[in-house]
Amino acid sequence: MTGAAVVDVHDLDWQAVRYAADPVAVRARMQDVVTRMEAMLDSDDGIALLFDAHRASGDDRVIHVPATDETAPLWFIGDLHGDLLALESALACIRTEGNKNPGSPSRIVLLGDFVDDEGFSVETLIRIFELILQAPAQVTFVAGNHDEALSFDGTRFASSVAPSDFADFLNANLADEWIMRVGKLALRLTARAPRALFLPGGLLVTHGGFPLVDLHARLEEAGDWNEAACLADFTWARAHPKARRKMPNRFSRGSQFGHEDFTDFCALSTRMGRPVTHMVRGHDHVDDRYAIYPAYGGRVLTTVALSRRLGREQFGPHERQPTMALWVPGALPTVYRLHIPNELIHALFPATAADDQAAQSQADACAAAESTTP
């Protein structure tokens, strides 16, 4: 892969990471954290997260950031899906890198999808609440499709995406006041969360993609970045690694885009006063936990923070190296690949028979390919 530097991280305090990623200990803090998070949201001053000062209005979900402190590290952490271990490893890496270059405090942008896929969704949300409570002006997130898909009708939770095990878990615990309040807090934060950030130096930050080609004429004429279809594309669109163009499908929220689609959007956004040259995103659970697509000229980075193989991933080993990224003004962010010891991964996410079968299937496929290679 080309287009960005990759830093392999092996030497973190893994014992401290394991201690921090204790689901029981995190759950024990739930009542205090939920109470304080609700108080922050309900206060007269409300909540002011990183880059909120640049919102054009209180309803602005596509934030244009014309200038920011380039000396303060800005980190991007992709899809977590309840991966408490990956989150704590990423935070440990940020602290370690910060200690090497003390100065301005590090800032964090989470790329959404905090829940589902049989992870520690409640505990991961509690830790995100804690990050916000500790330093709201240094953290923000763009909503992911799994975050946006969650709903509550006053009686039960639901989700419009699969897997939806977090909604199922909430409904199985409707009698637990505090778990219910965690779910409702997640909804409140998602409702106000940005769907995209336009950073200085040309970086677009989003969970999924950008307004697809069928929206360009209307967007340029009206200038409404917050139009519903635009917000949906920022959150739901997927990157095709090689295609030149893809036809938008408004009957499905999972439309893809190609590299020429991205080039067209860069030209459009530049004409509209929001120059885009590069993009960092999550959404697509690539095997290596990051991808820099050659067809896009190394201008698009997908990064996901998943330390284990998800149940819906058909191939590959159970243990993975989650990634995160560090902002580089005017270029693609630097990728940090976290080599979590396998025993830590197994401690939180024990391998199943399905995991073993997936790993064997990949090994058999590789062996078959090698046997047919001249």
Side-chain angles (χ1 to χ4, degrees), residues 47-66 68 74 76-81 107-116 128 132 139-151 159-161 186-200 202-216 218-220 222-239 248 250 252-257 261-262 265-266 268-269 272-276 278-284 300-304 325 327:
I47 184 172
L49 299 181
L50 177 64
F51 301 133
D52 274 2
H54 296 285
R55 289 180 188 256
S57 68
D59 295 327
D60 187 14
R61 300 293 181 267
V62 184
I63 304 177
H64 181 209
V65 183
T68 188
L74 181 61
F76 306 103
I77 302 175
D79 298 32
L80 288 163
H81 290 288
R107 301 166 296 169
I108 299 172
V109 178
L110 298 154
L111 301 182
D113 273 11
F114 303 138
V115 302
D116 289 330
I128 292 169
I132 293 172
V139 61
T140 192
F141 69 94
V142 293
N145 59 310
H146 281 258
D147 311 312
E148 187 176 276
L150 185 68
S151 63
S159 177
S160 62
V161 70
L187 289 170
R188 291 181 68 180
L189 286 172
T190 298
R192 71 177 304 282
R195 271 45 177 180
L197 305 170
F198 287 77
L199 296 185
L203 184 66
L204 173 65
V205 182
T206 187
H207 177 73
F210 46 82
L212 300 178
V213 64
D214 60 324
L215 304 180
H216 287 193
R218 186 165 78 237
L219 176 58
E220 189 164 18
D224 184 8
W225 292 97
N226 289 277
E227 195 266 331
C230 292
L231 297 181
D233 287 350
F234 281 124
T235 304
W236 292 84
R238 295 188 179 276
R250 292 298 162 191
S252 169
R253 292 178 296 186
S255 287
Q256 293 182 315
F257 57 86
D261 295 318
F262 180 62
F265 176 75
C266 290
L268 170 71
S269 60
M272 295 181 65
R274 300 187 179 196
V276 172
H278 299 80
M279 178 167 66
V280 61
R281 60 187 295 278
H283 199 27
D284 294 316
V300 174
L301 167 64
T302 296
T303 175
V304 293
W327 184 44

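The structure displayed is predicted, hence computed values, not measured ones. Every heavy atom of this structure was used, including side-chain atoms; hydrogens, water molecules and symmetry mates were not.
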What distance do [X] atom [atom1] and [Y] atom [atom2] have between them, rounded to the nearest 0.5 Å?
| X | Y | atom1 | atom2 | result |
| --- | --- | --- | --- | --- |
| Phe51 | Thr140 | CZ | OG1 | 8.0 Å |
| Leu231 | Trp225 | CG | CH2 | 11.0 Å |
| Asp147 | Leu189 | CG | CG | 10.0 Å |
| Ile132 | Ile47 | CD1 | CD1 | 5.0 Å |
| Asp52 | Arg192 | CG | CZ | 4.5 Å |
| Asp113 | Asn145 | CG | CG | 4.5 Å |

Using a 3.5 Å distance criterion without hydrogens, assess whether the side chain of [X] forms a donor-acceptor pair with backbone atoms of [Y].
| X | Y | answer |
| --- | --- | --- |
| Thr190 | Ala143 | no |
| His81 | Val115 | yes |
| His216 | Pro211 | yes |
| Arg238 | Trp236 | no |
| Arg61 | Ala191 | yes |
| His64 | His54 | no |
| Asp233 | Leu212 | yes |

Exercise. Cut-off 3.5 Å, side chains only: do Arg281 and Thr302 have a donor facing an acceptor?
Worked result: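 Indeed, the side chains of Arg281 and Thr302 share at least one donor-acceptor pair under 3.5 Å.
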
For this session: Check the pair Cys230 / Leu219 against side chain to side chain contact (heavy atoms under 4.5 Å, CB included), numbers first and verdict last.
Result: CA-CA 8 Å; Cys230 292; Leu219 176 58; 4.2 Å; yes

Minimum heavy-atom separation for [X] to [Y], with atom names?
| X | Y | answer |
| --- | --- | --- |
| Ala196 | Leu204 | CB-CD1, 4.2 Å |
| Thr235 | Gly144 | CG2-C, 3.6 Å |
| Cys266 | Ser269 | O-OG, 3.1 Å |
| Pro194 | Arg55 | CD-NH2, 3.5 Å |

For this session: Could you walk me through whether Leu199 and Val205 pass the side chain to side chain contact (heavy atoms under 4.5 Å, CB included) test, one step at a time?
Result: CA-CA 8 Å; Leu199 296 185; Val205 182; 3.8 Å; yes

Problem set entry | Validation row, ring centre Phe262 to ring centre Phe257 under 6.0 Å |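 When the ring centroids of Phe262 and Phe257 are compared, they turn out to be at least 6.0 Å apart.
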
Exercise. With Leu111, which of Val304, Ile77, Val142, Thr206 fulfils side-chain contact (heavy atoms from CB on, under 4.5 Å)?
Worked result: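 In the set Val304, Ile77, Val142, Thr206, the residue that makes a side-chain contact (heavy atoms from CB on, under 4.5 Å) with Leu111 is Val142.
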
Exercise. What is the ring orientation for Phe198 with Phe265, classed by angle as parallel under 30°, tilted 30 to 60°, or perpendicular over 60°?
Worked result: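 Judged by the thresholds at 30° and 60°, the geometry between Phe198 and Phe265 is tilted.
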
For this session: Step by step, work out the side chain to side chain contact (heavy atoms under 4.5 Å, CB included) result for His207 and Glu148.
Result: CA-CA 11 Å; His207 177 73; Glu148 187 176 276; over 6 Å; no

For this session: Test Leu74 against Leu50 for side chain to side chain contact (heavy atoms under 4.5 Å, CB included), laying out the working first.
Result: CA-CA 11 Å; Leu74 181 61; Leu50 177 64; 4.0 Å; yes

For this session: Could you tell me whether the side chain of Asn226 reaches within less than 4.5 Å of the side chain of Asp59, counting heavy atoms only?
Result: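 With C-beta onward as the side chain, the pair stays apart.
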
